[in-house]
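Beneath this line is the structure, given in structure tokens, with notes to follow.
Note that these values count all heavy atoms, side chains included, but never hydrogens, waters or copies made by symmetry.
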Amino acid sequence: MSESSAIPPCVLRAWHTNEEELRHWLLRQLADQEQAADSLHDIFLKAIAQGHAFCEISNPRAWFFQVARNYLIDRYRKNARLVPLPEDLQTEEQMVAVIDNLTQCLPRVLSELSANDSDI
């Protein structure tokens, strides 16, 4: 590895300080040892990708956990199952007809309310 592509020492120090706590948190979130290890690896790669800019982060622990949360959210979204819409879902034209019917009966219903309620 060349000097310019070497992992900055600040990344390694922060990683060694926070790795175990992050591993346990991921394991609680995922309940699977392999998925937690894969996630931990991906988060480490994100830290390395920051390069020397990582050294300017004031709270590396918070950064790791924020990246981990975002990583899990992205993972859940990517794996989300799409639920098909029911076949009998009303069309837009049918909904317009329902709204028109309600609009026509609204004045009659309002006139039957008390003065305080109809004013609202």
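Taking CG of Asp42 as the reference point, atom CG of Asp74 lies at 11.0 Å (rounded to 0.5 Å). Atom CZ of Arg13 is separated from atom CG of Asn18 by 12.5 Å, given to the nearest 0.5 angstrom. To the nearest 0.5 Å, atom CZ of residue Arg61 and atom OG1 of residue Thr17 are 11.5 Å apart. Taking CD of Gln35 as the reference point, atom CG of Leu40 lies at 13.5 Å (rounded to 0.5 Å). To the nearest 0.5 Å, atoms CD1 (Ile99) and CD (Gln104) are separated by 12.5 Å.
The shortest heavy-atom contact between Gln50 and Trp63 is CG-CZ2, 3.6 Å. Looking at every heavy atom in both residues, Ser39 comes nearest to Leu30 through OG-CD1, 3.5 Å. Here the closest non-hydrogen pair linking Phe64 and Ala47 is CE2-CB, 3.7 Å. The two residues Ile43 and Leu22 come nearest to each other via the heavy atoms CG2-CD2, 4.0 Å. Here the closest heavy-atom approach between residue Ala68 and residue Leu26 is recorded as CB-CD2, 4.3 Å.
Lys78 places none of its side-chain heavy atoms less than 4.5 Å from the side chain of Arg75. Using a 4.5 Å cut-off on side-chain heavy atoms (C-beta onward), Phe54 and Pro60 make contact.
Side-chain atoms of Asp117 never come within 3.5 Å of backbone atoms of Leu113 as a donor-acceptor pair (strictly under, hydrogens ignored).
Between Trp15 and Phe44, the angle of the ring planes lies from 30° to 60°, which puts this pair in the tilted group.
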Original post:
Going through the checks in order, is the side chain to side chain contact (heavy atoms under 4.5 Å, CB included) test met by Trp25 and Leu72?
Top reply: CA-CA 11 Å; Trp25 185 82; Leu72 291 180; 3.7 Å; yes

- Query: Which is it for His24 and Glu21 under the side chain to side chain contact (heavy atoms under 4.5 Å, CB included) test, yes or no, and what are the steps along the way?
  - Reply: CA-CA 5 Å; His24 289 294; Glu21 182 183 11; 5.8 Å; no

Report task. Report the C-alpha distance between Asp100 and Thr103 in whole Å, list the side-chain angles of each, state the deciding distance to 0.1 Å, and finish with yes or no for side-chain hydrogen bond (donor to acceptor under 3.5 Å, both in side chains). Result -> CA-CA 5 Å; Asp100 286 344; Thr103 304; 5.0 Å; no

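Linking ILVMFWY side-chain heavy atoms closer than 4.5 Å, directly or via other members, places Phe65 and Leu27 in two distinct hydrophobic clusters.
Glu34 CD: 12 or fewer foreign heavy atoms inside a 6.0 Å radius. Enclosure of atom CD in Gln66 by more than 12 non-hydrogen atoms of other residues, nucleotides or ligands within 6.0 angstrom is indicated.
The cationic atom of Arg69 (NZ for Lys, CZ for Arg) does not lie both less than 6.0 Å from the six-membered ring centre of Tyr71 and within 45° of the ring axis.
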